[in-house]
2 protein chains.
Amino acid sequence: MKRSLEHIEYKEDTEALAKFAKALSHPTRIAILKHLENQSCCFTGDLVDVFPLAQSTVSQHLKELKNAGLIQGELKPPKIKYCINQENWNIAKSLFQQFFD
Amino acid sequence: MKRSLEHIEYKEDTEALAKFAKALSHPTRIAILKHLENQSCCFTGDLVDVFPLAQSTVSQHLKELKNAGLIQGELKPPKIKYCINQENWNIAKSLFQQFFD
DNA sequence: AAAACCAATCGTATATTTGCGATAAAAAAT
DNA sequence: ATTTTTTATCGCAAATATACGATTGGTTTT
């Protein structure tokens with residue numbers, strides 16, 4: 001990508017909102033989050049059964065949700081239990097609320 | 001991209017939410033929408049002055065926002081006046097509200 | 001009719017995203 | 001100690017996104 005010489009600096013809220021939106025920009029990730037909201041928590045393997053996707057692909061989506069801060073993984077060897085990260089979830093919620101008035 | 005043989009079908013709301021989120025997934029587009037919320041409307045040229053981006057790049061972002069249905073352009077020759085598409089804006093708003101509980 | 005203005009589109013380059021299979025790592029079960 | 005289970009990561013391929021300059025198309029002004 002031919003980039004602008006200087007990186008554009010946006011307000012912190014703008015950047016944060018865009019980052020959360022990006023995490024939500026794929027239907028699989030929306031579906032994963034909806035699933036987590038219902039189940040409260042789940043394991044990677046559960047999701048692999050729910051979605052017709054390779055294990056590595058599901059893992060990749062979980063990683064992005066984790067990077068965005070929307071979920072967190074708790075080690076329950078040999079599994080990993082994923083839950084909504086309530087703190088950041090609330091931050092995202094209020095950013096979107098604020099944005100839409 | 002090596003795709004699954006059959007395209008995954010998600011619920012309509014899930015697809016719609018992901019589509020809106022995608023439109024919001026770039027800080028420039030967030031900033032454009034915030035600008036439109038303040039000004040109620042504006043012209044492409046105004047935005048080119050506000051953002052340190054090429055005219056074609058701004059136009060590209062406007063196109064994506066238009067495709068997502070979040071804005072609409074009204075011909076005011078020789079300019080084009082862009083406004084929030086209030087109907088779809090409200091749909092997006094309620095989808096995000098619903099999603100975050 | 002010609003020149004000027006505004007915005008979309010085209011063509012191109014590069015970066016990022018998405019997806020898969022294969023492999024690795026870490027713990028549990030045998 | 002070996003095997004099994006579970007999940008992350010690597011390497012690759014293809015699609016999509018981002019950005020720019022140049023060009024095009026439409027309208028207004030001269």
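Interface remark: the B/Glu64 side chain does not form any donor-acceptor pair with the D/dA17 base, using a distance-only criterion of under 3.5 Å. One donor-acceptor pair, N or O on each side, does fall under 3.5 Å between the base of C/dA8 and the side chain of B/Gln55.
When distances are taken from the side chain of B/Ala54 to each of D/dT6, D/dG21, D/dA8, the shortest belongs to D/dG21. For A/His26, whose side chain is taken as the heavy atoms from C-beta onward, the closest listed nucleotide among C/dC6, C/dT18, C/dT16 is C/dT18. Out of D/dA8, D/dT6, C/dT18, the shortest distance to the side chain of A/Lys79 is found at D/dT6. Of all nucleotides listed (D/dT16, D/dT18, D/dT7), D/dT18 comes nearest to the side chain of B/Gln60. The listed nucleotides are C/dG19, C/dA7, D/dC20; the one nearest the side chain of A/Thr57 is C/dG19. Ranking C/dC20, D/dA8, C/dT9 by closeness to the B/Ser56 side chain, first place goes to C/dT9. When distances are taken from the side chain of A/Leu53 to each of C/dA8, C/dG19, D/dC20, the shortest belongs to C/dG19.
B/Thr28 has no side-chain polar atom (N or O) that falls below the 4.0 Å cut-off from OP1 or OP2 of D/dT18. In this model, the phosphate group of D/dA8 is approached by a side-chain N or O of A/Ser59 to a distance below 4.0 Å at OP1 or OP2. Using a 4.0 Å cut-off, some side-chain N or O of B/His61 falls inside it from OP1 or OP2 of D/dA19.
Note: NZ (B/Lys63) to C1' (D/dA19) measures 14 Å, nearest angstrom. B/Lys19 places its NZ atom 13 Å from the P atom of D/dA17, with the value rounded to the nearest Å. Rounding to whole angstrom units, CG of residue A/Asn67 and C1' of C/dT16 are separated by 14 Å. Rounding to whole angstrom units, CD1 of residue A/Ile71 and C1' of D/dA8 are separated by 13 Å. Following rounding to the nearest Å, A/Glu74 (CD) and D/dT7 (P) show an atom-to-atom distance of 14 Å. One interatomic measurement links the two molecules: CD1 of A/Ile32 to P of D/dT7, which rounds to 13 Å at whole-angstrom precision. We find that CG of B/Leu62 is positioned 11 Å from P of C/dT9, with the value rounded to whole Å. Rounded to a whole Å, the OH atom of A/Tyr82 is 9 Å from the P atom of D/dT7.
Using bins of under 30°, 30° to 60° and over 60° for the plane-to-plane angle, the ring pair B/Phe99/A/Trp89 lands in the tilted bin.
Within 4.0 Å (heavy atoms only), B/Lys81 reaches no atom of the nucleic acid at all.
You'll find the side chain of A/Leu53 reaches within 4.5 Å of the side chain of B/Ile8, heavy atoms only. Put simply, the side chain of B/Leu47 reaches to within 4.5 Å of the side chain of B/Leu62, judged on heavy atoms.
Each of A/Leu75 and A/Lys22 has a nearest nucleotide on DNA chain C; the 5'-most of these lies closest to A/Lys22.
Here the two rings, on B/Phe96 and B/Phe20, have centers that are 6.0 Å apart or farther.
In the displayed structure, A/Gln86 atom CD is contacted under 6.0 Å by more than 12 heavy atoms of other residues, nucleotides or ligands.
Side chain of B/Ser59 to backbone of B/Ser56: no donor-acceptor contact under 3.5 angstrom is found.
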